[in-house]
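These notes are about the structure you will find just below.
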Amino acid sequence: MPKSLPPSQLIPRLLAGDRLALSRAISRVEDGGDNARELLAGVFPHTGRGHLIGITGAPGTGKSTLVTGLVQAYRAAGLTVAVLAVDPTSPFTGGALLGDRVRMSKLSGDAGVFVRSMATRGSLGGLAGATADALLLLDAAGYERILIETVGVGQAEVEIAGTAHTTVVVEAPGLGDEVQAIKAGVLEIADIFVVNKADRPGVERTVGALELMLHMADGTPRQLFHHGQLLEVAAAPLEDESDGWQVQVFKTVAASGGGIPEVMAEIERHRLWLAENGRLAARERLRMARSVEQIVQAELLRRLRAALPADSLAELVEEVAARSLDPYAAAEQILDRMG
Amino acid sequence: MADRKIRILVAKPGLDGHDRGAKVVARALRDAGFEVIYTGIRQTPAMIAEAALQEDVDVVGLSILSGAHMTLCPKVVDLLRGQGQDDVTVLVGGIIPDEDVAPLQAAGVQGVFGPGTSTQDIIEFIRTAVI
Amino acid sequence: MAETVKTHNKLAALKRAWQDDSLAPVTRRFLERRQRFTTSSDTIEVETVYTPTEWPGDPDAAQAAAYTEKLGFPGDYPFTRGVQPNMYRGRLWTMRQYAGFGSAQESNQRYHYLIAQGQTGLSVAFDLPTQIGYDADHDFALGEVGKVGVSISSLADMRTLLAGIPLDKVSISMTINAPAAVLLAMVIAVAKETGVPVSQLRGTVQNDILKEYIARGTYIFPPGPSMRLITDMFRFCAAEVPKWNTISISGYHIREAGSTAVQEVAFTLANAVEYVQQAINAGLDVDRFADQLSFFFNAHNNFLEEVAKFRAARRLWAKIMRERFGAQKPQSWRLRFHTQTGGSTLTAQQPDNNVVRVTVQALSAVLGGTQSLHTNSRDEALALPTEKAVEIALRTQQILAYENGVGDVVDPLGGSYYIEWLTDEIERQAQAYIDRMDGMGGALRAVEEGFVQREIQEAAYQAQRAVESGEQLVVGVNRFQSDETAIPDLLRVDERVQTAQVDALARLRAERDDASVQSILARIRQSAAQPDAPLMPLFVEAVESEATLGEICDALRSVFGEYEPGNWV
């Protein structure tokens with residue numbers, strides 16, 4: 001299949017389940033080429049069917065093994081599954097070393113599974129525009145469950161909540177004295193907590209710490225994350241807190257498959273819960289608002305750059321650095337020039 | 001295509017577990033700005049071809065030190081071609097005697113890198129081969 | 001002044017006591033190679049070992065104390081200077097060339113050739129399917145049968161491999177890890193058939209699974225069951241095969257994977273600590289199995305560092321066994337090791353230069369006090385060695401042994417300011433690593449978390465960068481290159497080996513008593529499922545019933561599961 005196949009030919013193939021077409025389409029949206037937009041426009045009407053599941057946690061928690069176990073469990077249940085494994089791009093070289101497939105070897109040879117590794121490239125925080133676009137393509141290709149795996153603690157986890165329908169936060173005993181979640185603020189985004197490597201010493205302490213945190217947070221309204229302010233619609237809160245979702249802590253030993261069926265069942269329970277009373281629709285509105293907003297931001301920046309002479313930004317920065325101009329005045333000048 | 005990245009699959013086919021070379025090369029390619037997908041050891045040709053498809057790579061780099069290259073490399077090439085990835089560049093590195101280079105190239109392996117190869121040579125080869 | 005003299009007298013007295021108590025019993029029992037050792041000048045006769053007492057002027061009290069604490073006499077704790085009182089004056093190191101390729105029959109011929117050339121021990125290389133517990137007719141074996149070693153799927157193969165080898169006289173070292181118990185069971189079965197008492201069998205199985213997870217990749221089972229198989233063999237051999245080395249804890253492959261010399265010592269000994277601890281946890285008495293532990297190191301390029309490394313490893317291990325594990329018997333404190341020259345130092349370019357590299361590396365192993373030695377062949381950067389290339393490699397050892405006199409004095413570099421400082425420094429840095437891994441919960445945990453792998457990968461990457469930047473010269477590769485022609489006549493393994501093996505297996509499966517095979521495999525599964533059930537006797541029974549290696553390993557896989565590697569890149 002030629003790399004340059006036009007979207008008009010790529011789209012029908014992708015929708016018909018051609019895996020190479022899907023794979024090539026993901027590269028197109030990652031590279032952000034001219035016809036990425038055309039591709040996305042073509043598949044968009046066919047999206048909205050797959051359930052998006054975010055899996056996140058610190059390095060060493062065993063996320064890839066957990067993902068592998070979940071994929072196997074979903075396959076046994078007869079569902080098709082895609083995995084998007086996101087790892088950071090080196091800020092120094094622009095390169096990336098993506099090793100998640102090492103743990104996923106046993107998923108190979110199954111036409112109902114599609115695994116794709118993705119580098120964060122320029123996007124801060126790990127999950128952003130290209131990832132959301134890739135998820136749309138996997139969704140359009142008909143995968144019923146789509147797992148998004150991210151590494152790291154902090155911004156990336158938080159962004160998952162804006163992308164996934166169900167967010168699973170993974171911990172493991174013995175990674176440090178404090179539970180990683182506390183500092184990352186993932187309490188607000190987790191729909192399910194998993195303490196993996198539960199055959200290790202210290203597991204009860206980790207579970208206990210998480211449960212204590214959840215207990216203390218009980219009654220505090222959970223909020224879907226949204227940090228943009230451009231689009232007010234996104235601020236819609238979760239209605240009906242009395243009917244709230246109870247976040248629970250699950251123990252797994254992913255390496256031997258222990259506890260995986262229970263986690264899958266909980267994800268499915270969350271999916272059904274979302275489907276009730278228009279919750280899913282609320283989440284979807286949020287996701288879409290966020291997506292539109294990201295595109296607006298990116299497009300604004302792009303147009304700004306296009307409108308400005310190459311070195312004018314540098315000149316303004318010089319002035320600010322020399323304290324001859326304040327940052328707000330500099331920003332205003334830039335926006336004015338854009339017209 | 002403003003942000004086109006070259007993607008490379010680094011894989012160890014067969015049962016050989018000596019992955020020092022594969023990992024050093026993977027890191028060097030990463031540091032050269034490529035996106036490198038590493039599969040780990042004990043990959044069958046079918047597993048490698050499947051990964052190459054799902055990852056839409058431009059290059060498949062195989063590392064073999066066990067002497068099984070004449071059996072395994074052509075199989076990978078055939079599977080890639082058979083699934084429509086005619087334009088993927090296939091390289092092999094490892095313990096490859098000189099007399100095997102020509103037959104490997106005839107089988108569709110574009111680059112053969114023996115012991116003592118500098119990672120720079122591999123990087124330059126890829127930059128030239130992948131347009 | 002009076003006190004210094006007294007201390008000097010004390011050290012001299014200690015040396016005399018050592019000569020009477022340690023050295024004399026050995027030299028009385030076993031004749032030394034010569035009645036009198038001299039340099040090439042016949043008028044210069046050399047003693048077994050030299051100490052500060054031979055230095056002009058009296059050592060002060062501190063120096064004398066440091067000598068006994070840090071070096072001691074050869075054969076005495078902490079064994080810095082060697083594990084025997086007279087080392088190579090008594091018996092030279094075992095010359096043991098790692099060999100094996102193709103079919104059992106071809107390898108058997110190579111062994112007979114090596115023995116005829118004066119080799120004193122066998123070292124069996126197995127192909128990858130055998131090492132990973134697959135029969136030659138398994139799908140995964142495609143293209144790999146007989147390639148990096150000999151293909152052994154059944155007892156019949158082992159019979160052919162060992163035909164005509166006197167098992168009570170020649171020691172058999174086998175580079176086999178995950179399925180080591182099954183291959184040892186085959187050797188035991190052959191010994192029984194040929195009338196050699198199992199208690200007389202001498203040899204080694206590598207059996208070091210931790211370094212497979214770290215560096216070499218021929219693992220099968222997850223860590224828990226793997227450690228159980230190892231402990232099971234410790235227990236079985238302590239009772240039944242007391243002269244067999246049940247493990248060869250290997251730094252060789254860690255170094256080949258790119259580690260530094262310090263890391264080689266640290267990770268090898270940390271792994272050893274884990275094996276000892278697990279065996280003790282399983283209820284074994286440390287003094288019952290410790291003298292069956294052996295080690296395997298690399299002899300790399302930095303000559304003096306390598307000599308110091310071997311000495312540091314010996315001292316560190318002695319302290320660990322005595323102080324940490326409370327072993328009582330001096331035999332338990334001794335680190336005995338095999339050495340192989342560094343395979344990754346060989347160059348495909350100007351391959352004759354490899355003969356020189358190997359010579360210097362081998363010399364470091366001898367000066368470091370190795371018990372056995374493999375010297376690499378010049379063509380091994382490109383293929384398994386030809387018979388001619390192996391002959392040169394073996395001759396290299398023989399020249400060191402018989403022409404240079406380096407074995408005539410024990411630890412001749414001991415006392416060099418640099419060597420002693422470097423020995424201390426390697427020991428100190430290795431100890432720091434071991435402490436760090438102890439803090440993580442031990443070597444097994446450190447391996448599971450990828451710590452060891454990452455440390456080695458980082459070192460390997462830095463080493464490659466040093467070569468590419470020209471900071472590290474490699475003669476003939478990044479400097480002093482020349483146009484040369486490739487080595488002619490590389491060894492090629494006949495692809496028909498696989499077909500022949502597949503046919504033989506088909507015949508075996510058709511002709512054997514399948515009911516008894518299925519019954520013993522069922523019993524293996526049953527016992528494997530019980531945490532403490534002995535397994536070794538069942539393996540012996542299974543191979544005697546003509547169950548294949550792959551079938552036995554599959555039975556274990558069905559209970560133990562398989563190891564899943566991590567993505568530590």
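Every value quoted in this text rests on a predicted model; they were computed, and no experiment measured them.
- Looking at B/R42, its side chain does come within 3.5 Å of a backbone N or O of C/G217 through a donor-acceptor pair.
- The environment of B/F125 atom CZ is dense: over 12 non-hydrogen atoms of other residues, nucleotides or ligands sit within 6.0 angstrom.
- Ranked by heavy-atom pairs shorter than 4.5 Å toward chain C, the options B/A22, B/A68, B/G94 are led by B/A68.
- Proximity to chain C (any heavy atom under 4.5 Å) is shown, for B/S66, by both the backbone and the side chain.
- To the nearest 0.5 angstrom, B/I41 atom CD1 is 7.0 Å from C/I132 atom CD1.
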- Query: Going through the distances and angles, do B/H18 and C/E256 end up as a side-chain contact (heavy atoms from CB on, under 4.5 Å)?
  - Reply: CA-CA 9 Å; B/H18 295 93; C/E256 288 294 294; 5.8 Å; no

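- Within the 4.5 Å cutoff, no side-chain heavy atoms of B/V25 are placed close to those of C/Y461.
- For B/D100, the part lying near chain C is the side chain, with the backbone staying farther off; criterion is any non-hydrogen pair under 4.5 Å.
- Taking CD1 of B/I64 as the reference point, atom NZ of C/K147 lies at 10.0 Å (rounded to 0.5 Å).
- Under the ring pair (Phe, Tyr, Trp, His ring centres under 6.0 Å) criterion, C/F296 pairs with C/Y252, C/H253, C/H338, not counting sequence neighbours.
- In this structure, the portion of C/A215 lying under 4.5 Å from any heavy atom of chain B is its backbone and not its side chain.
- The minimum heavy-atom distance between C/E468 and B/Q120, with the atom names listed, is OE1-N, 3.7 Å.
- Side-chain atoms of C/Q349 come within 3.5 Å of backbone N or O of B/P115 as a donor-acceptor pair.
- Scanning both residues, B/G116 and C/V477, for their nearest heavy atoms gives O-CG1, 3.9 Å.
- Here the rule is side chain to side chain contact (heavy atoms under 4.5 Å, CB included) with B/R27, and of C/E458, C/R465, C/Q464 only C/E458 fits it.
- Contact check for C/E144 versus B/L72: side-chain heavy atoms found under the 4.5 Å cut-off.
- Between chain C and the residues B/G21, B/G114, B/S118, the largest count of heavy-atom pairs under 4.5 Å involves B/S118.
- Contact of B/T119 with chain C is made through backbone and side chain together, with heavy-atom distances under 4.5 Å.
- C/Q457 contributes no side-chain N or O that, together with a main-chain N or O of B/K23, makes up a donor-acceptor pair within less than 3.5 Å.
- B/P97 and C/L490 get closest at one heavy-atom pair: CB-CD1, 3.7 Å.
- Judged as a side-chain hydrogen bond (donor to acceptor under 3.5 Å, both in side chains), the pairs with a partner in residues 128-142 of chain C (not counting sequence neighbours) are, in order, C/D127-C/T130, C/Q131-C/R216, C/D135-C/R509, C/D135-C/T548, C/D137-C/R509.
- Taking both residues in full, the closest heavy atoms of B/T71 and C/G143 are given as OG1-CA, 3.6 Å, listed atom of the first, atom of the second, then distance.
- With a threshold of 4.5 angstrom between heavy atoms, B/K12 does not approach chain C through any atom at all.
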- Item | Worked verdict on B/K75 versus C/L142 for side-chain contact (heavy atoms from CB on, under 4.5 Å) | CA-CA 11 Å; B/K75 278 203 157 40; C/L142 184 68; 3.8 Å; yes

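- In this structure, the portion of C/A383 lying under 4.5 Å from any heavy atom of chain B is its backbone and not its side chain.
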